[in-house]
Amino acid sequence: MAAVQYSNAFLLLLLGYPSNVSKYLEGFHTKNPQKWYEYLFNIVFWLFISIALFSYRKVDKKYGFFKTKLYYGLGIVVSYFFLIGFVIPILVDIIPDYIPLLDDLLPNNW
């Protein structure tokens with residue numbers, strides 16, 4: 001999920017808001033979902049798109065063009081190092097390397 005958020009953030013950094021990319025990303029969000037697939041796309045939106053889009057829009061409304069590019073670019077770099085330096089090592093320690101339950105589910109040649 002983080003890779004998709006970073007790719008969306010990078011596209012927004014390059015193309016800005018409003019642009020074709022931002023309008024495309026906003027199209028995944030349904031304000032008042034009625035059907036099950038609208039709820040599903042809202043979940044996909046919140047998991048894969050929302051942080052990049054909403055943070056860029058918030059920074060864009062508050063600052064001008066150049067400050068937006070600078071702050072958002074620095075935010076991408078800092079959050080990337082935070083993910084690589086802190087979040088992933090913690091997840092590596094939490095998730096075990098060997099899960100015995102999988103032995104029963106997988107065939108013998110795995």
Side-chain angles (χ1 to χ4, degrees):
M1 288 185 285
V4 177
Q5 288 279 2
Y6 280 112
S7 64
N8 289 333
F10 187 71
L11 284 173
L12 286 169
L13 180 65
L14 287 178
L15 300 174
Y17 179 85
S19 66
N20 289 337
V21 172
S22 64
K23 295 299 178 190
Y24 174 74
L25 294 176
E26 286 176 346
F28 281 101
H29 185 249
T30 305
K31 299 269 188 216
N32 297 315
Q34 301 296 324
K35 306 280 185 183
W36 66 269
Y37 54 83
E38 292 172 343
Y39 284 104
L40 179 67
F41 275 119
N42 275 351
I43 292 171
V44 168
F45 175 80
W46 287 109
L47 289 176
F48 290 99
I49 300 169
S50 64
I51 295 172
L53 182 64
F54 289 146
S55 63
Y56 190 86
R57 284 177 44 193
K58 186 171 181 125
V59 171
D60 189 44
K61 287 179 183 177
K62 190 171 184 178
Y63 302 105
F65 177 78
F66 291 111
K67 280 188 177 180
T68 298
K69 298 290 184 184
L70 177 68
Y71 292 157
Y72 199 70
L74 287 173
I76 290 173
V77 170
V78 168
S79 67
Y80 179 75
F81 284 120
F82 180 75
L83 178 73
I84 298 299
F86 295 105
V87 175
I88 291 179
I90 290 171
L91 289 176
V92 166
D93 289 340
I94 292 173
I95 299 171
D97 293 333
Y98 176 72
I99 302 173
L101 179 65
L102 292 177
D103 286 341
D104 298 335
L105 300 174
L106 298 173
N108 291 333
N109 57 359
W110 279 69

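Values below: all heavy atoms of this structure, side chains included; hydrogens, waters and symmetry mates excluded.
Of the inter-residue distances, the one linking Phe81 atom CZ with Leu83 atom CG reads 11.0 Å to the nearest 0.5 angstrom. Atom-to-atom distance recorded for Tyr56:OH and Lys69:NZ is 3.5 Å, nearest 0.5 angstrom. Considering CD1 of Ile43 and OH of Tyr39, their distance stands at 10.0 Å, rounded to 0.5 Å.
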CA sep, side-chain torsions, deciding dist, call: Phe65, Asp60, side-chain contact (heavy atoms from CB on, under 4.5 Å): CA-CA 7 Å; Phe65 177 78; Asp60 189 44; over 6 Å; no
CA sep, side-chain torsions, deciding dist, call: Lys62, Lys58, side-chain contact (heavy atoms from CB on, under 4.5 Å): CA-CA 6 Å; Lys62 190 171 184 178; Lys58 186 171 181 125; 5.9 Å; no
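In plain terms, the two heavy atoms of Asn42 and Pro33 that are nearest each other are ND2-CG, 3.6 Å. The two residues Val59 and Thr68 come nearest to each other via the heavy atoms O-OG1, 3.5 Å. For the pair Pro89 and Gly85, the tightest heavy-atom approach, listed with the atom from each and the gap, is CG-O, 3.4 Å.
Val87 is connected to Ile76 through a chain of hydrophobic side-chain contacts under 4.5 Å among Ile, Leu, Val, Met, Phe, Trp and Tyr, so both are in one cluster.
Between Tyr63 and Leu70 there is no side-chain heavy-atom pair separated by less than 4.5 Å.
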